[in-house]
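In each ligand, atom 1 is the first atom listed, and ligand 1 is the first ligand listed.
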Amino acid sequence: MLELRGIDAGYAGTPVLRGVDLQVPPSSVVALLGPNGAGKTTLLRVASGLLKPTAGRMTIDDQDVTGRSPHQLVARGVCHVPEGRGIFPTLTVRDNLVLQSVPGREDEALERAVSAFPRLGERMEQVARTMSGGEQQMLALARAYVQNPRFVLLDEVSMGLAPKVVDEIFDFLALLASSGASLLLVEQYVSRALQVADYVFLMNRGRVAFAGEPSELDTDLLAEQYVGAR
Ligand code: ATP
């Protein structure tokens, strides 16, 4: 279980998160929802170690990992697919994948990536930035998958993609979850996120406004907090 308790965090003295409690249980999909500026990305940055909280605790399996570096958290099985994808645009698909694989086990990693997204197999030598947005997102997700992560933090991975590609990405998320990973999913497609989620956290203005199962979520509260919900 990955757990955040009483997290405060912000940028250059401007507070964003205020007393956030959030749990990502083993083998579960957790949807993190909320309007623009609610603090979802900031929370993922705290969970991945990119941003140090100013208060609160983060634990993995009850061990304190507060303030650990991204590198140390990767070693604990935390994998972040950031907004903007986090791939190396000037490297080939192959090199992007090899960089994420365990030395000596590159072929295994490439096979795993292609099993998730066969299209990447046809594009191994292509420079990442020349691929379509959907293909680049597949690469970003495959880079996570080859690490065999325990906790995957996903920031709007369907943003700006065609509906058919979004379907493919959600199929992949189901595969990732069935492989035993837990997902913390920031997603603009609220209804899709609620379909796959075991738990939902709704944030507004840096606080958790609701935490529970999707079936318990009051749709009036959702509509009230969520301008432009889909
Ligand atoms: P969105 O759905 O629009 O991505 P979000 O819920 O992910 O929103 P955040 O990106 O976490 O929200 O932003 C929360 C607040 O923190 C916003 O007021 C934003 O302006 C501010 N913020 C985010 N990044 C920075 C930064 N690097 N420096 C200063 N303020 C920031």
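Side chain of T54 to main chain of D8: a donor-acceptor pair is present (N/O by atom type, distance under 3.5 Å, no hydrogens or angles).
A side-chain donor from one of Y11 and T42 sits under 3.5 Å from a side-chain acceptor of the other. Between the side chains of S101 and E108, no donor-acceptor pair is found at a separation under 3.5 Å.
Sorted by chain then number, the residues whose non-hydrogen atoms approach ligand 1 to under 4.0 Å are Y11, V16, P35, N36, G37, A38, G39, K40, T41, T42, E83, E156.
Hydrophobic clustering places V98 together with Y145 (ILVMFWY residues linked when any side-chain heavy atoms are closer than 4.5 Å, directly or through intermediates).
Using a 4.5 Å heavy-atom threshold, the side chains of V24 and L153 count as separate. Residues F201 and Q23 are in side-chain contact: their nearest non-hydrogen atoms beyond the backbone lie under 4.5 Å apart.
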